[in-house]
Amino acid sequence: MSSELNYRPRESVKAADNGQDVKQMEIKNDDDPYGEEKVGLKRQVGLLSGIALIVGSMIGSGIFVSPKGVLVNTESVGMSLVIWTLCGVLATFGALCYAELGTMIPKSGGEHAYLNEIYGPPIAFLFAWTAIIVLKPSALAIISLSFGEYVVAPFYEGSECGPPVSATKLVAVLCVILIVVINCASVKAATAVQNFFTVAKLLACALIIIIGFIEMGKGNTEYINPKVSFQGSTANVFAYGLAFYQGLWAYDGWNQLNYITEELINPYRNLPLAIVIGIPLVTTVYLMVNISYFTVMSPDELLQSGAVAVTFADRTLGVMSWIMPVAVAFSTFGAANGNCFACSRLTYVAAREGHMVKALSMVHATRITPFTAVIFMATVSILMMIPSDFDTLVNYFSFASWMFYGAAAAGVLILRYKEPDRVRPIKIPIVIPIVIILASIYLVVAPIIDEPTLEFLYAALFILAGFILYFPFVHYGYHPKFMNYITTFVQLLLEVVPGGETTDENSKENLMT
């Protein structure tokens, strides 16, 4: 096929993060009839780290920003709490669909792996094209911008104009760069950071909840009393679609563990177990945090707040109110780290399958991390921060995402019909994927009907534009010769080698134990 050289150090090396030997690697030609040695990622993510990835990725900026978005669309406290609960149920149902798919198809890459097997390469490519270029980088950009807002805000306290946008974006860019360094260093470094910040954000949420209980004990339940909390609820059915968008943004991350299945120790046990522990925990935390907000703030005050959690702390913690901006910054940083860790694996797997340029499937020779995929995702994310605002990114992200979530859930039904005798370590009730399919249709259609904008047309056109690249470069296998030189240059510059499946000697054992 191509004549590019694949850089490989001849000496046996030890992986920087775990001391295990990596097989001898040499410079080989792609036309070598004996094939080429490949280095893959290792199974070293356990149950606790898996739970931390789910919880840490979900609890980020959403719970501190989205309460306003849910409330403004539902127009009542009671309905906003119902939406938060239903979002948790929907996220749980979606994750259960992915648990069945993930244990049947134990590959990294999440939706890409499932769509590729169920519908074939064209649909899988469209997902990879959309997710890698827009969806995942936009999510990282949104979270990083929220981090920047909370870090910069204390320095401009009392200012009528608030912090300058340039300062917020500068801090967000520095956040992304630091996350790139951590994720390129080693898998253990990334998971250690994730575990630490997950604990920190849970403590922050616990503080809000405890204060909420204290306020309820004082009788501050005016806005959460069921007799009055549903008054004024909107009668516009389609407006609830936008409310779901804002709520589900806070729950985004429920599928993150499926992106790293090949790095998960015993995925048949730990994947579903991490899901059934992590997502109900997050749902409970979200519901209690929102209730706590309304014990201190009225609905109008919450809508007027530029930083809900900070306003909450200012009114309840006094001189210690500085704790909340720090805690929120920790929370958003942890979510950004989890997002980068999981979604860089999507880029890596898609490139490994030939759906992205080969250079993105490279693994660092000694650190055994997807170097190029991490750097690429971060670069796109930083570029997206320049023109976009938060609301535009959220709506664009949610609209396109739920199209593919629905397609993956439909895949559960398709495989049940086409392969009824296939081994299913996890088999969920048939009603669950049906609910996700119906919810996906509603979440795609409702916002378009309620507020038709060109944004949705651009999203559809962008997704379909993927076919322009798929047919010449993937289906027909056209490979520009200059890409050989680019790939070789990247390999020599970053000391990366072509990635394969898991390479540790105990991979088969770790798959089941």
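Bear in mind that the values here come from a model prediction, so they are computed numbers and not experimental data.
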Parallel, tilted or perpendicular, as decided by the 30° and 60° cut-offs, for the rings of F404 and F127: perpendicular
Ring center gap for F341 and Y259 short of 6.0 angstrom: no
4.5 Å side-chain heavy-atom contact, S57 and Q256: yes
ring-ring contact (aromatic ring centres under 6.0 Å, His included) partners of F244, counting only residues at least two apart: none
Distance flag, aromatic centroids of F462 and W129, threshold under 6.0 Å: yes
Donor-acceptor side-chain pairing of Y98 and E111 below 3.5 angstrom: yes
Derivation and outcome, side-chain contact (heavy atoms from CB on, under 4.5 Å), residues S298 and L302: CA-CA 6 Å; S298 69; L302 188 144; over 6 Å; no
Parallel, tilted or perpendicular, as decided by the 30° and 60° cut-offs, for the rings of W402 and W254: tilted
Closest approach of L81 to L287 (non-hydrogen atoms, all atoms of both residues): O-CD1, 3.9 Å
Within residues 317-328 or reaching into it, pairs that qualify as side-chain hydrogen bond (donor to acceptor under 3.5 Å, both in side chains) - sequence neighbours excluded: D314-S321
Which atom of E263 lies closest to which atom of S108, heavy atoms considered: N-OG, 4.3 Å
T284 side chain vs P280 backbone, donor-acceptor pair below 3.5 Å: yes
Note, V374 side chain near T369 side chain (heavy atom, < 4.5 Å): no
Closest contact, heavy atoms only, M385 versus S144: CE-CB, 3.7 Å
Aromatic ring pairing F197/F333, orientation class (parallel under 30°, perpendicular over 60°, tilted between): tilted
F371 and H364 aromatic ring geometry - parallel, tilted or perpendicular at 30°/60° bounds: tilted
Beyond-backbone contact of S381 with F376, side-chain heavy atoms, under 4.5 angstrom: no
Pairs where residues 278-301 contributes a residue and the test salt bridge (charged side-chain N to carboxylate O under 4.0 Å, His left out) is met, not counting sequence neighbours: E301-R315
For the student: nearest non-hydrogen atoms of K201 and I59, plus distance: NZ-O, 2.6 Å
Pair E262 + K107, salt bridge at N-O below 4.0 Å: no
Side-chain heavy-atom pair N339, M377 within 4.5 angstrom cut-off: yes
